[in-house]
Amino acid sequence: MPPEFARAVLGLVARIPPGRVSTYGRLAELAGWPRHSRHVGHLLGHLPDGVSVPWQRVVGAGGRIARPGTPGADYQRLLLEHEGVVLSASGRVDLKRYGWPAAAEDV
DNA sequence: ATAATGACCTCCA
DNA sequence: GTGGAGGCCATTA
């Protein structure tokens with residue numbers, strides 16, 4: 001896994017506007033590495049200290065925010081709501097509304 | 001070289 | 001809505 005992959009992904013994540021979200025698959029694709037969604041997740045889960053990116057704006061396909069295996073599953077939800085993201089009744093993010101990038105808006 | 005694992009994804013019962 | 005199967009790809013044992 002070339003360093004540029006991490007750079008590209010982290011760069012993209014950093015550019016997600018507050019109150020918007022993107023998905024693992026989407027980011028991997030934008031970074032130029034399609035089908036590498038899992039590695040995006042791995043990256044965000046193993047960020048070196050000092051590096052801070054808005055990881056809370058990265059959700060699973062369909063707007064899922066689960067963070068399996070981790071205790072603070074509600075933490076991400078908290079952060080997002082704090083940014084103005086309204087979760088659906090099922091506790092998911094409406095990608096139609098908050099998804100980024102949304103069309104040719106920006107990238 | 002094979003097997004297991006992971007902040008995942010999609011499809012289908 | 002939930003849960004399982006199969007697929008995905010790099011890393012590690």
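All figures in this text were calculated on a predicted structure; none of them were measured in a lab. Only this structure's heavy atoms are used, side chains among them; waters, hydrogens and symmetry mates stay out. So you know, we letter chains A, B, ... as the sequences are listed, proteins then strands, and number each from 1.
- Distance check on atom P: C:dA13 versus B:dA7 gives 15 Å, rounded to whole Å.
- Salt bridge present: A:Arg57 and A:Glu83 bring a charged side-chain N and a carboxylate O closer than 4.0 Å.
- Residue A:Ser90 places at least one side-chain N or O closer than 4.0 Å to OP1 or OP2 of C:dG1.
- A:Leu80 and A:Gln56 make their closest contact through CD2-O, 3.3 Å (heavy atoms, listed as atom of the first residue, atom of the second, distance).
- Side-chain proximity of A:Met1 to the nucleotides C:dT11, B:dT10, B:dC8 is greatest for C:dT11.
- The nearest whole Å value for the distance from the OH atom in A:Tyr24 to the P atom in C:dG7 is 24 Å.
- A straight line from NE2 of A:His46 to P of C:dA10 spans 17 Å, rounded to a whole angstrom.
- With C:dG1, B:dA7, C:dC8 as the candidates, the nucleotide lying closest to the side chain of A:Arg92 is C:dG1.
- Atom-to-atom, CD of A:Glu29 to C1' of C:dC8 comes out at 14 Å; the value is rounded to the nearest Å.
- As a whole-Å value, the separation of A:Leu44 CG from B:dG6 C1' is 13 Å.
- In this structure a side-chain-to-backbone donor-acceptor pair under 3.5 Å is missing from A:Arg92 to A:Gly63.
- Computed from coordinates, the A:Arg35 CZ to C:dG6 C1' distance equals 16 Å when rounded to whole Å.
- Checked against C:dC9, B:dA7, C:dG1, the side chain of A:His39 finds its nearest nucleotide in C:dC9.
- Following rounding to the nearest Å, A:Trp33 (CH2) and C:dT11 (C1') show an atom-to-atom distance of 14 Å.
- Rounded to whole Å, atom P of B:dC8 lies 15 Å from atom CG of A:Leu95.
- A:Arg38 contributes a side-chain N or O that forms a donor-acceptor pair with the base of B:dC8 under 3.5 Å.
- At a threshold of 4.5 Å between side-chain heavy atoms, the hydrophobic network of Ile, Leu, Val, Met, Phe, Trp and Tyr places A:Leu87 and A:Leu78 in two separate groups.
- For A:His36 and C:dC9, a side-chain-to-base donor-acceptor distance below 3.5 Å is absent, hydrogens and geometry of angles not being considered.
- A:His42 has its NE2 atom 8 Å from the C1' atom of C:dT11, to the nearest Å.
- Between A:His39 and A:His36, the ring centre distance stays below 6.0 Å.
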